[in-house]
Amino acid sequence: MVPRLRCPVDLLELADDGGAALSCSGGHRYLKDGAIVDLQPGAEAPGFGRLRAATYDLTFDLVNTRLLFGATPRHLAALHRQAAAAAAGGVLLDVACGTGRWAIPELSRAAGTMYVGVDPAMPMLRLAQDRARRAGVDALLLHSDADRLPLADASVAAAVLSLGLQYVPDHGAALAELRRVLTPGGLLCCVAPALGLRPRYDQRHHRRVRKDHPIDRERWPALLCAAGFGGSEIETVGALVFTQARAAA
Ligand SMILES: C[S@@+](CC[C@H](N)C(=O)[O-])C[C@H]1O[C@@H](n2cnc3c(N)ncnc32)[C@H](O)[C@@H]1O
Ligand SMILES: [Zn+2]
């Protein structure tokens with residue numbers, strides 16, 4: 001089940017032109033390279049170049065997940081498992097998908113679910129593409145941003161946003177985009193760091209020159225509500241806030 005895509009410039013529907021590109025009736029054309037569609041040619045995510053991508057899977061669990069955030073890989077795997085189960089037979093959208101290391105393995109056990117990963121870092125998308133190929137998972141990888149999802153309204157059954165929101169300055173805009181592309185009742189599984197929960201993360205945040213955008217734990221439930229999510233379940237582990245919420249009908 002391939003989701004409907006829309007042009008990031010004029011929001012018109014994108015169609016496969018039968019070759020190596022997707023185009024809209026407004027004359028915009030986006031190249032495909034295998035499963036990757038380049039919707040923002042030339043743009044890259046700062047800090048996620050080739051070297052970081054190549055070492056990401058090896059270093060992230062120990063350095064970031066455990067020491068910095070105070071969580072375990074098990075917590076991240078469980079969140080993705082829930083999203084994959086909710087998407088069964090439809091589309092699982094993974095925003096800030098990185099190398100797809102948590103969601104893709106879940107889908108290798110769930111035939112019929114399509115994986116759609118969105119990320120502004122091409123080197124990360126290439127690794128996600130290789131991982132999906134090895135796992136035999138049907139995948140589409142979109143070079144784009146969280147606050148500009150190139151997907152049609154109500155086109156995905158479940159979405160996951162894992163450790164990506166801290167790179168997005170406007171959390172409300174990203175949540176509104178997720179709400180727009182989820183079908184009513186669709187599940188959002190999100191995990192992001194917040195300040196005030198773990199001194200190690202707070203200290204690093206205050207030392208950094210180029211700051212992340214951690215979520216505000218106090219205002220988070222109201223932000224979800226304002227973006228059109230209901231029935232939120234929120235749990236804190238170390239510096240991380242795990243959320244499951246449903247797109248309102
Ligand atoms: C820490 S990694 C998390 C990857 C994956 N979700 C995981 O849990 O392993 C953060 C990812 O967010 C991506 N990213 C950075 N800015 C972004 C944005 N504005 N929109 C979407 N993704 C972004 C980076 O390229 C990177 O792949
Ligand atoms: Zn267009």
Side-chain angles (χ1 to χ4, degrees), residues 45-48 52 55-83 86 93-99 101-103 118-121 124 145-149 158-179 182 187-248:
F48 289 93
R52 178 86 190 274
T55 53
Y56 179 82
D57 287 359
L58 280 176
T59 56
F60 201 83
D61 288 352
L62 183 65
V63 178
N64 288 51
T65 306
R66 288 183 197 277
L67 295 177
L68 181 63
F69 295 136
T72 69
R74 197 170 45 82
H75 291 109
L76 294 175
L79 186 80
H80 288 77
R81 191 164 310 131
Q82 264 144 354
L93 172 65
D94 188 357
V95 177
C97 64
T99 63
R101 58 187 306 219
W102 302 111
V118 174
D119 202 288
M124 301 292 266
D145 275 322
D147 52 7
R148 235 172 15 143
L149 297 176
V160 64
L161 173 50
S162 167
L163 302 177
L165 207 51
Q166 71 270 29
Y167 301 108
V168 178
D170 187 343
H171 296 164
L175 287 175
E177 272 297 84
L178 282 157
R179 166 67 192 87
L182 277 163
L187 184 69
L188 168 66
C189 293
C190 175
V191 55
L195 290 173
L197 299 174
R198 182 169 165 87
R200 191 187 280 262
Y201 178 72
D202 291 2
Q203 284 153 12
R204 189 195 70 151
H205 180 79
H206 295 307
R207 272 199 317 267
R208 293 189 99 190
V209 177
R210 195 177 70 213
K211 302 238 185 275
D212 285 354
H213 308 279
I215 64 172
D216 181 333
R217 175 66 188 86
E218 296 305 312
R219 292 185 53 233
W220 181 236
L223 205 60
L224 286 162
C225 229
F229 286 96
S232 306
E233 289 174 28
I234 302 175
E235 190 195 346
T236 295
V237 180
L240 296 181
V241 178
F242 287 78
T243 303
Q244 292 192 40
R246 297 264 170 200

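Computed from heavy atoms alone, side chains included, the values below leave out hydrogens, waters and symmetry copies. Please read all numbers here as calculations on a predicted model, not as lab measurements.
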| task | Could you check if a side-chain atom of Ile215 sits within less than 4.5 angstrom of a side-chain atom of Pro193, using non-hydrogen atoms only? | result | no
| query | Can you find a pair of side-chain heavy atoms, one from Val241 and one from Val191, that are under 4.5 Å apart? | reply | no
| request: Return yes if some donor-acceptor pair links the side-chain N/O of Arg179 with the main-chain N/O of Ala247 below 3.5 Å, else return no. | output: no
| request: Could you tell me whether the side chain of Leu182 reaches within less than 4.5 Å of the side chain of Leu93, counting heavy atoms only? | output: no
| task | For residues Arg101 and Asp61, report the shortest heavy-atom separation together with the two atoms involved. | result | NH1-OD1, 2.9 Å
| Under 4.5 Å between any side-chain heavy atoms of Leu195 and His205, yes or no? | yes
| remark: Correct closest heavy-atom pair for Pro73 and Thr65 would be N-CG2, 3.9 Å
| Do Leu240 and Glu235 come close enough that some side-chain heavy atom pair is under 4.5 Å? | no
| query | Has the side chain of Asp170 got a donor or acceptor atom that lies under 3.5 Å from a matching backbone atom of Ala173? | reply | yes
| said: To the closest 0.5 Å, what do you measure between CG (Leu163) and CG (Leu76)? | reply: 5.5 Å
| message | If you compare all heavy atoms of Ala103 against all heavy atoms of Asp94, which two are closest, and at what distance to 0.1 Å? | response | CB-OD2, 3.7 Å
| Does Leu187 reach the side chain of Arg246, with side-chain heavy atoms less than 4.5 Å apart? | yes
| message | In the structure I gave you, are the side-chain heavy atoms of Leu178 and Val95 within less than 4.5 Å of one another anywhere? | response | yes
| request: Would you sort out whether Leu188 and Val160 count as a side-chain contact (heavy atoms from CB on, under 4.5 Å), showing the intermediate values? | output: CA-CA 6 Å; Leu188 168 66; Val160 64; over 6 Å; no
| field | Interatomic distance, His213 atom NE2 to Gln166 atom CD [nearest 0.5 angstrom] | value | 9.5 Å
| said: For His171 versus Val168, what's the shortest heavy-atom pair and its separation? | reply: CD2-O, 3.1 Å
| query | How far apart are the closest heavy atoms of Tyr201 and Ala194, and which atoms are they? | reply | CD2-O, 3.7 Å
| note | For Ala239 and Arg198 the tightest heavy-atom approach is CB-CB, 3.8 Å
| said: Ring-plane angle category for Phe60 and Phe69, please: parallel below 30°, perpendicular beyond 60°, tilted otherwise. | reply: tilted
| task | With rounding to the nearest 0.5 Å, note down the distance linking CG in Leu175 to SG in Cys190. | result | 7.0 Å
| Is a salt bridge present between Asp202 and Arg207, judged by a nitrogen-to-oxygen distance below 4.0 Å? | no
| Partner set under ring-ring contact (aromatic ring centres under 6.0 Å, His included) for Phe229, not counting sequence neighbours | none
| task | For side-chain contact (heavy atoms from CB on, under 4.5 Å), just list the numbers for Leu149 and Val118, CA-CA rounded to whole Å, side-chain angles, deciding distance to a tenth of an Å, and then say yes or no. | result | CA-CA 8 Å; Leu149 297 176; Val118 174; 4.1 Å; yes
| Trp220 versus Thr243, side-chain donor and acceptor atoms under 3.5 Å | yes
| Which distance, rounded to the nearest 0.5 Å, do you find between the OG1 of Thr99 and the CE of Met124? | 5.5 Å
| said: Please list all pairs meeting side-chain hydrogen bond (donor to acceptor under 3.5 Å, both in side chains) that have one or both residues in residues 66-81, counting only residues at least two apart or in different chains. | reply: Thr72-His75, Arg81-Glu106
| request: Rounded to the nearest 0.5 Å, what's the gap from CG on Asp147 to CD on Glu177? Could you check? | output: 7.5 Å
| In Å and rounded to the nearest 0.5 Å, what is the CG to CG distance from Asp216 to Leu223? | 8.5 Å
| Do Tyr167 and Pro46 come within less than 4.5 Å of each other through their side chains, counting heavy atoms only? | no
